[in-house]
Each structure stands twice: as structure tokens, then as C-alpha cells.
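Each ligand, and each atom within it, is numbered from 1 in the order the structure gives. We number each residue from 1, following the sequence as shown.
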Amino acid sequence: MAPAEMPTKKDSYKNYTKVAEFYPLSVRGFTQSEQMFRQELSRFSAITHPVLDIGSGTGRTVLAIAESLPEVEIIAVEPSTTMRAVLMHRVMQDEDLRRRVTIFSDPIQAVPLPEKLGAIVAYGVLGHFDRPERQHLWRQLMPKLAAGAPVFVELLPIGKPVDFEQKLVQGEQIGRRSYEAVFSGKAEKGDLLRIKARWQISGGGAPPCVIENTNFWHAFSLEDLAQETGLQLKRLTPESGILFS
Ligand SMILES: C[S@@+](CC[C@H](N)C(=O)[O-])C[C@H]1O[C@@H](n2cnc3c(N)ncnc32)[C@H](O)[C@@H]1O
């Protein structure tokens with residue numbers, strides 16, 4: 001592999017390119033977390049300021065916000081072109097989403113944000129930032145949070161950097177082809193995990209194909225986030241929670 005193509009921790013969003021097409025399959029197992037997210041979001045129907053969704057991916061969280069809070073404006077931030085293409089497609093399908101959702105293609109650190117935010121959603125993204133990067137982000141975001149505004153967060157349920165291997169997708173059938181995915185993590189320096197995803201696609205008369213991808217994630221807990229933001233934590237599931245003042 002040429003050095004230019006080597007996955008690095010810098011600009012982690014670039015590491016989503018090779019596997020963006022599989023993202024909707026990999027989050028299918030997180031239905032409990034999404035249900036809780038929607039249920040808790042809908043308790044904030046009085047929100048008037050825009051809701052910021054950091055790392056919108058293929059649109060799972062944007063749809064959850066739009067359907068749970070049918071009046072709010074949504075600021076969707078997604079720097080990966082491949083992930084954003086799916087998000088854009090979803091938004092374009094629906095007139096209401098086209099009116100309410102603004103899509104920014106820069107990383108969150110470079111996006112012009114509104115004066116006030118009614119809520120922040122950061123699902124599956126904060127582990128891409130190390131502690132100084134998160135502190136910088138909180139300094140940018142906290143003054144914009146309206147009084148009582150919630151911060152919804154979802155992390156990988158790995159509070160400490162440990163080696164692991166997990167079959168995340170098993171025999172998922174789409175038409176004639178079957179999809180399997182194994183995720184494995186290797187603890188690197190400090191709190192960093194190097195996460196490898198190995199997708200195997202077979203069936204339909206074509207030879208099986210294997211796609212491997214590497215990404216990086218800093219392991220820390222929801223409690224760590226509460227401590228670094230000075231907010232209180234209400235845990236929703238092992239990997240998700242709400243931070244609030
Ligand atoms: C695991 S996906 C989560 C997608 C979505 N929130 C969900 O839960 O389905 C993480 C997303 O964060 C995005 N991301 C990575 N670095 C980012 C940054 N600096 N600013 C905004 N988004 C970023 C990635 O491109 C990726 O689409």
C-alpha cells in the first residue's frame with residue numbers, strides 16, 4: 001500500500017470511504033440504542049433552537065431527530081464524501097427534510113455554527129477525537145448551548161483500550177448476496193484503539209469478496225465525558241447517554 005493510502009488517525013473521517021456502503025448494515029444491531037434515543041429526544045419537543053448533529057454519517061441520527069422533533073431545524077455535519085452522499089440522498093427524498101436540514105461538508109471544527117443550539121447529538125463520533133481535541137470542541141460548543149439543552153452521546157462500549165474481536169454482522173442477506181463482518185480492536189499508545197473491520201460478501205454466483213478497513217478510536221467512558229464537560233450524565237444504554245446541566 002502506498003504511504004498516501006495508509007489509514008491514519010488524522011482526519012479519521014477519510015477512513016470511512018471504503019466501507020461507507022456497509023454502514024447501514026453495521027448499525028442494524030443497535031436498534032435498542034436508537035429506540036431509546038428517539039424516545040428521549042421526543043421529550044424535548046419545546047426546543048426552538050437548531051439541533052446540531054456531529055458526524056451525521058448516512059443519516060440515521062438526522063432521521064431520528066427529524067422524526068422525534070418534527071419542528072426543529074437540524075444542522076448536519078458530515079465531512080466524509082461517501083457517507084454524506086447517502087445522507088444527501090436521504091434528505092433529497094423528503095420535502096420536509098430538504099426544508100429543515102442543513103448539511104455541512106467540513107469537519108465540525110471548521111463549521112460556522114448558529115449563535116444558539118437547542119441540543120447536540122454526537123453519536124459514534126467523539127472517539128475520533130483525543131482529549132485535547134475534545135476539550136477544544138467543548139470550548140467551541142458549550143457557550144452555544146441554550147439553557148437546559150441536552151447533549152446526546154453514543155460511544156463504542158469500550159471504556160478502556162483493550163484488544164477485542166467481535167462478529168458484528170452475521171449472514172445478513174440482501175438479495176442473493178450474504179454479508180458478514182468481523183471487527184477487531186488492538187490497543188495502541190495511550191487510549192487509542194486501532195479498529196479493523198473485515199467484510200466478506202458472498203453468493204449470487206460471483207466469487208466471494210473481502211474488504212478490509214482500518215479506523216481509529218480513543219477509548220473513554222460516558223463518565224469521562226461528563227467529567228470533562230462538567231455536565232451531568234443520564235445513561236440510556238451501555239454505550240449512550242444524555243449530558244445535561
Ligand atoms: C460511526 S459514524 C456515526 C454516524 C451517525 N452519527 C450514526 O450514529 O449513525 C461517525 C461519523 O463521524 C464522522 N466524522 C469523523 N470525524 C469528524 C469530524 N471531525 N467532524 C464531523 N464528523 C466527523 C465520520 O465521517 C462518520 O461519518
Side-chain angles (χ1 to χ4, degrees), residues 7-38 40-41 51-68 74-91 101-113 117 119-141 151-158 168-169 181 183 185 192-193 195-197 199 213-219 222 236-237 239-242:
T8 64
K9 205 227 80 90
K10 191 179 168 319
D11 297 336
S12 255
Y13 60 88
K14 292 185 180 150
N15 298 327
Y16 281 84
T17 307
K18 254 164 83 180
V19 284
E21 66 184 290
F22 304 128
Y23 189 74
L25 279 99
S26 59
V27 287
R28 248 171 69 93
F30 297 106
T31 43
Q32 195 213 351
S33 178
E34 194 180 320
Q35 267 167 20
M36 289 287 284
F37 176 46
R38 285 171 175 256
E40 292 292 324
L41 266 173
V51 174
L52 171 67
D53 185 32
I54 306 172
S56 300
T58 54
R60 177 180 79 124
T61 33
V62 167
L63 254 68
I65 300 164
E67 287 167 16
S68 311
I74 301 167
I75 310 290
V77 180
E78 181 44 64
S80 157
T81 310
T82 39
M83 298 289 269
R84 197 174 59 253
V86 181
L87 168 69
M88 179 66 89
H89 178 73
R90 280 177 138 173
V91 169
V101 181
T102 300
I103 302 175
F104 284 110
S105 55
D106 278 324
I108 181 63
Q109 294 82 355
V111 166
L113 293 171
L117 294 169
I120 297 173
V121 174
Y123 262 41
V125 66
L126 292 175
H128 289 314
F129 311 140
D130 62 22
R131 197 177 158 92
E133 288 169 326
R134 294 197 304 277
Q135 279 169 340
H136 183 268
L137 187 64
W138 297 130
R139 277 198 297 276
Q140 182 189 352
L141 297 179
V151 181
F152 287 82
V153 288
E154 184 187 63
L155 302 172
L156 292 181
I158 309 168
L168 197 68
V169 177
F183 278 59
L192 194 64
L193 277 169
I195 299 182
K196 287 199 171 161
W199 286 87
N213 191 54
T214 299
N215 213 332
F216 297 89
W217 185 265
H218 293 276
L222 293 169
L236 299 180
T237 64
E239 61 277 343
S240 65
I242 310 175

So, S68 side chain and A64 main chain: donor-acceptor pair closer than 3.5 Å or not?
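Side chain of S68 to backbone of A64: a pair is present.
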When the aromatic ring centroids of F152 and Y123 are compared, is their separation below 6.0 Å?
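F152 vs Y123: aromatic centres not under 6.0 Å.
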Enumerate the atoms of ligand 1 whose separation from the nearest heavy atom of G57 is less than 4.0 angstrom.
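Ligand 1 atoms under the 4.0 Å threshold to G57: 4 (C), 27 (O).
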Show me which atoms of ligand 1 lie under 4.0 Å from any heavy atom of H128.
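Here the atoms of ligand 1 in question are 15 (C).
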Looking only at protein heavy atoms, identify the closest one to [atom] and say how far it is in Å.
atom                    : value
atom 19 (N) of ligand 1 : Q109 OE1, 3.2 Å
atom 8 (O) of ligand 1  : R60 NH2, 2.8 Å
atom 15 (C) of ligand 1 : Y13 CB, 3.5 Å
atom 13 (C) of ligand 1 : E78 OE1, 3.5 Å
atom 18 (C) of ligand 1 : F129 CZ, 3.7 Å
atom 14 (N) of ligand 1 : V125 CG2, 3.7 Å

One thing to verify: whether E34 and R28 come together as a salt bridge, which I'm taking to mean a side-chain N less than 4.0 angstrom from a carboxylate O.
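No.
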Inter-residue atom distance I195.CD1 - T214.OG1, 0.5 Å rounding:
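With rounding to 0.5 Å, CD1 (I195) is 10.0 Å from OG1 (T214).
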Answer with yes or no whether the side chains of K9 and H218 bring together a donor and an acceptor at under 3.5 Å.
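Judged by distance alone, the side chains do pair up.
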Check against side-chain hydrogen bond (donor to acceptor under 3.5 Å, both in side chains), S33 and E154:
CA-CA 9 Å; S33 178; E154 184 187 63; 2.7 Å; yes
Closest candidate by heavy atom, reference atom 4 (C) of ligand 1, pool A122, S33, G55, G124
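Comparing heavy atoms across A122, S33, G55, G124, the nearest one to atom 4 (C) of ligand 1 lies in G55.
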Hey, looking at atom 22 (N) of ligand 1, which of P107, S56, P79 has the closest heavy atom?
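That would be P79.
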Check each heavy atom of I108 against ligand 1 and say whether those closer than 4.0 Å belong to the side chain, the backbone, both or neither.
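The answer is both, backbone and side chain.
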Record the part of Y123 in heavy-atom contact with ligand 1 below 4.0 Å; permitted values are side chain, backbone, both and neither.
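It is both parts that get close, each with some atom under 4.0 Å.
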Count the heavy atoms of every other residue, nucleotide or ligand shown that sit under 6.0 Å from CD of Q32, and state whether that count exceeds 12.
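Incorrect, the count does not exceed 12.
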More than 12 heavy atoms of other residues, nucleotides or ligands under 6.0 Å from CE of M88: yes or no?
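At most 12 heavy atoms, drawn from other residues, nucleotides or ligands, come within 6.0 Å of this atom.
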Geometry only, no angles: is T61 polar-contacting ligand 1 at N/O separations under 3.5 Å?
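Such a contact does occur with ligand 1.
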State whether the shortest distance between N or O atoms of Y23 and N or O atoms of ligand 1 falls below 3.5 angstrom.
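The answer is yes, given that Y23 and ligand 1 share an N or O pair closer than 3.5 Å.
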Of the non-hydrogen atoms in V77 and D106, which two are nearest, and what is the gap between them?
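Closest pair (atom of V77, atom of D106, distance): CG1-O, 3.3 Å.
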